[in-house]
A.B. asks: 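Can you read through this structure? Questions will come right after.
Please read all numbers here as calculations on a predicted model, not as lab measurements.
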Amino acid sequence: MPNSMWGVCKAILYREFAWFKRFLPDYIISWIFPFIFALSVIFLPASISGLNNVLERMSSLFGTSLNLNTALVLAISITGIINMVSIVVNDILQTFSAEFMYMEAGDIILEATDLKTYILVNAVTRPVLLTALSTLYLIPALTILKGFEGFILFLVVEAALIISAVLLGLYTSIFSIPVVFYFKVTRSWIVGNILAPLILAGSGVYMPLSIVPWILRYIAHTTIIPETSRLLYSMFLNLSTEVSWFISVSVILFTLYCILTSSMSKIADVKVKKK
């Protein structure tokens with residue numbers, strides 16, 4: 001089994017690097033839009049009410065004094081969560097659907113390994129690489145704004161994003177299995193396009209959790225993303241750290257997701273092999 005897992009991991013890594021070279025323009029766009037979003041959050045309202053007024057409102061909202069540099073660092077760093085959630089949820093679900101429903105790659109995959117191994121390795125390996133490649137823009141952005149301290153901040157942010165991405169990959173796989181093997185959803189992108197915004201809307205990325213509608217909070221709290229958002233906000237706003245809580249929740253969710261994903265994939269594996 002370990003050799004099988006390592007073989008699947010190498011195959012996935014090879015494919016992802018090949019896709020990265022092929023779809024480099026898509027990644028470049030994913031690096032540019034976060035800057036537009038982050039700058040718009042601050043400077044668009046500033047063009048109407050003035051920069052000082054915007055900073056005062058942000059300071060009041062987060063309960064701590066913010067200057068322009070801190071506001072920019074926070075806004076740009078938070079876009080890493082948005083990028084990670086959007087890419088991991090949609091890519092995991094759509095690629096999994098394409099492999100087993102349209103590209104006829106499922107038979108080749110199942111000849112090399114069992115479905116449980118493939119799903120678990122895919123859910124862990126691909127989110128790590130997707131997140132690392134889609135958040136490269138944070139290195140120059142944070143370094144320019146904060147110097148060497150900004151690079152250290154990037155490493156901390158990236159570690160939190162990668163842990164969250166792995167958990168989100170397993171979480172998305174739980175949805176992917178019934179979508180692909182039971183309901184045969186031909187337009188699986190609809191599921192991803194609904195799921196990702198729901199997670200982001202209820203996780204406190206756009207606004208403090210205290211003002212997020214309860215139904216969105218409940219949906220988002222089935223993932224690690226609210227804790228990731230809280231961790232980044234507390235780190236950049238010099239509030240009490242949430243590292244130990246973030247790690248504890250991560251371990252609990254990882255165990256739960258692995259149990260659910262393994263159980264569902266075993267059942268799906270039997271279903272596929274009976275055909």
A.B. asks: Could you check whether any side-chain N or O of Arg217 sits under 3.5 Å from a backbone N or O of Val212, counting only pairs where one atom can act as donor and the other as acceptor?
C.D. replies: yes
A.B. asks: Rounded to the nearest 0.5 Å, how far apart are CG of Leu256 and CD1 of Ile252?
C.D. replies: 9.5 Å
A.B. asks: For Cys258, does its backbone N or O pair with a side-chain atom of Thr261 as donor and acceptor, under 3.5 Å?
C.D. replies: no
A.B. asks: Val88 versus Met84: any side-chain heavy-atom pair under 4.5 Å?
C.D. replies: yes
A.B. asks: Looking at every non-hydrogen atom in both residues, tell me the closest pair between Ile87 and Ser134 and how far apart they are.
C.D. replies: CD1-CB, 3.2 Å
A.B. asks: Search all heavy atoms of Asn90 against all heavy atoms of Ala196 and return the closest pair with its distance.
C.D. replies: ND2-CB, 4.1 Å
A.B. asks: Looking only at heavy atoms, what is the nearest atom pair of Gly80 and Tyr137, with distance?
C.D. replies: N-OH, 3.3 Å
A.B. asks: Side chains of Ile163 and Phe246, heavy atoms from C-beta outward: is any pair under 4.5 Å?
C.D. replies: yes
A.B. asks: Are any side-chain N or O atoms of Thr223 and backbone N or O atoms of Ala220, one a donor and one an acceptor, separated by less than 3.5 Å?
C.D. replies: yes
A.B. asks: Spell out, yes or no, whether Ile144 and Ile152 are grouped together once hydrophobic residues are joined by side-chain heavy atoms under 4.5 Å, including indirect joins.
C.D. replies: no
A.B. asks: Pairs of donor and acceptor atoms involving the side chains of residues 27-42, under 3.5 Å and at least two apart or interchain, shall be tabulated with distances.
C.D. replies:
| residue | atom | partner | partner atom | Å |
| --- | --- | --- | --- | --- |
| Ser30 | OG | Tyr27 | O | 2.6 |
| Trp31 | NE1 | Leu133 | O | 2.8 |
| Ser40 | OG | Ile36 | O | 2.6 |

A.B. asks: Taking only residues two or more places apart in sequence or in another chain, which ones pass ring-ring contact (aromatic ring centres under 6.0 Å, His included) with Tyr257?
C.D. replies: Tyr171
A.B. asks: For Ile224 and Ser250, which heavy atoms make the closest approach, and how far apart are they?
C.D. replies: CD1-OG, 3.6 Å
A.B. asks: So which heavy atom on Leu167 is nearest to which on Leu253, and how close?
C.D. replies: CD2-C, 4.1 Å
A.B. asks: Is a side-chain donor or acceptor of Thr117 paired with a backbone partner of Thr113 at a separation under 3.5 angstrom?
C.D. replies: no
A.B. asks: Step by step, work out the side-chain contact (heavy atoms from CB on, under 4.5 Å) result for Phe20 and Leu129.
C.D. replies: CA-CA 10 Å; Phe20 175 71; Leu129 198 55; over 6 Å; no
A.B. asks: Is it possible for you to say whether Val128 and Val156 belong to one hydrophobic cluster, with membership spreading through side-chain heavy-atom contacts below 4.5 Å?
C.D. replies: yes
A.B. asks: Apply side-chain contact (heavy atoms from CB on, under 4.5 Å) to residues Glu99 and Tyr118 and explain how you reach the verdict.
C.D. replies: CA-CA 12 Å; Glu99 288 172 337; Tyr118 177 74; 2.5 Å; yes
A.B. asks: For Glu158, enumerate each residue passing the salt bridge (charged side-chain N to carboxylate O under 4.0 Å, His left out) test, keeping only those at least two apart in sequence or located in another chain.
C.D. replies: none
A.B. asks: Under a 3.5 Å distance rule, please check whether Ser265 uses its side chain to pair with a backbone N or O of Ser262 as donor and acceptor.
C.D. replies: yes
A.B. asks: Ring pair (Phe, Tyr, Trp, His ring centres under 6.0 Å): which pairs involve residues 146-167, sequence neighbours left out?
C.D. replies: none
A.B. asks: Distance-only, no hydrogens or angles: does the Asn69 side chain make a donor-acceptor pair with backbone N or O of Leu145 under 3.5 Å?
C.D. replies: yes
A.B. asks: Which residues pass the side-chain contact (heavy atoms from CB on, under 4.5 Å) test with Ser59, sequence neighbours left out?
C.D. replies: Leu66
A.B. asks: Atom CD1 of Ile81 and atom CG of Leu232: how far apart are they, to the nearest 0.5 Å?
C.D. replies: 4.5 Å
A.B. asks: Please give me the minimum heavy-atom distance between Gly204 and Tyr233, naming the atom from each residue.
C.D. replies: O-CE1, 3.3 Å
A.B. asks: State plainly whether one hydrophobic cluster holds both Leu55 and Ile48, where clusters connect Ile, Leu, Val, Met, Phe, Trp and Tyr through side-chain heavy atoms under 4.5 angstrom apart.
C.D. replies: no
A.B. asks: Measure from the side-chain N and O atoms of Ser77 to the backbone N and O of Leu74, and report whether any donor-acceptor pair falls under 3.5 Å.
C.D. replies: no
A.B. asks: Can you measure from CD1 (Ile247) to CG (Leu231) and round to the nearest 0.5 angstrom?
C.D. replies: 9.0 Å
A.B. asks: Are side-chain heavy atoms of Val191 and Ser97 found at a separation under 4.5 Å?
C.D. replies: no
A.B. asks: With rounding to the nearest 0.5 angstrom, report the OG to CD distance, Ser234 to Glu227.
C.D. replies: 10.5 Å
A.B. asks: Check for a donor-acceptor pair, side chain of Thr125 on one end and backbone N or O of Asn122 on the other, with a separation under 3.5 Å.
C.D. replies: no
A.B. asks: What's the spacing between Ile225 CD1 and Ile219 CD1 if we round to 0.5 Å?
C.D. replies: 14.5 Å
A.B. asks: Are any non-hydrogen side-chain atoms of Asn193 and Pro197 less than 4.5 angstrom apart?
C.D. replies: no
A.B. asks: Could I get the full list of ring-ring contact (aromatic ring centres under 6.0 Å, His included) partners for Tyr14, not counting sequence neighbours?
C.D. replies: none
A.B. asks: Can you get from Phe100 to Tyr182 by hopping between Ile, Leu, Val, Met, Phe, Trp and Tyr side chains that sit under 4.5 Å apart?
C.D. replies: yes
A.B. asks: Val54 and Leu44: same hydrophobic cluster, using ILVMFWY side-chain contacts below 4.5 Å?
C.D. replies: no
A.B. asks: Checking side-chain contact (heavy atoms from CB on, under 4.5 Å) for the pair Leu68/Phe43: CA distance, chi angles, key distance, verdict?
C.D. replies: CA-CA 10 Å; Leu68 179 58; Phe43 291 108; 4.1 Å; yes
A.B. asks: Could you check Ser86 against Leu200 for side-chain contact (heavy atoms from CB on, under 4.5 Å), going step by step and ending with a plain yes or no?
C.D. replies: CA-CA 9 Å; Ser86 301; Leu200 288 170; 4.1 Å; yes
A.B. asks: Drop me the distance from Leu170's CG to Ile259's CD1, to the nearest 0.5 angstrom.
C.D. replies: 11.5 Å
A.B. asks: Is a donor on one side and an acceptor on the other found under 3.5 Å between the side chain of Thr79 and the backbone of Ile76?
C.D. replies: yes
A.B. asks: Would you say Ser60's side chain and Glu56's backbone share a donor-acceptor pair under 3.5 angstrom?
C.D. replies: no
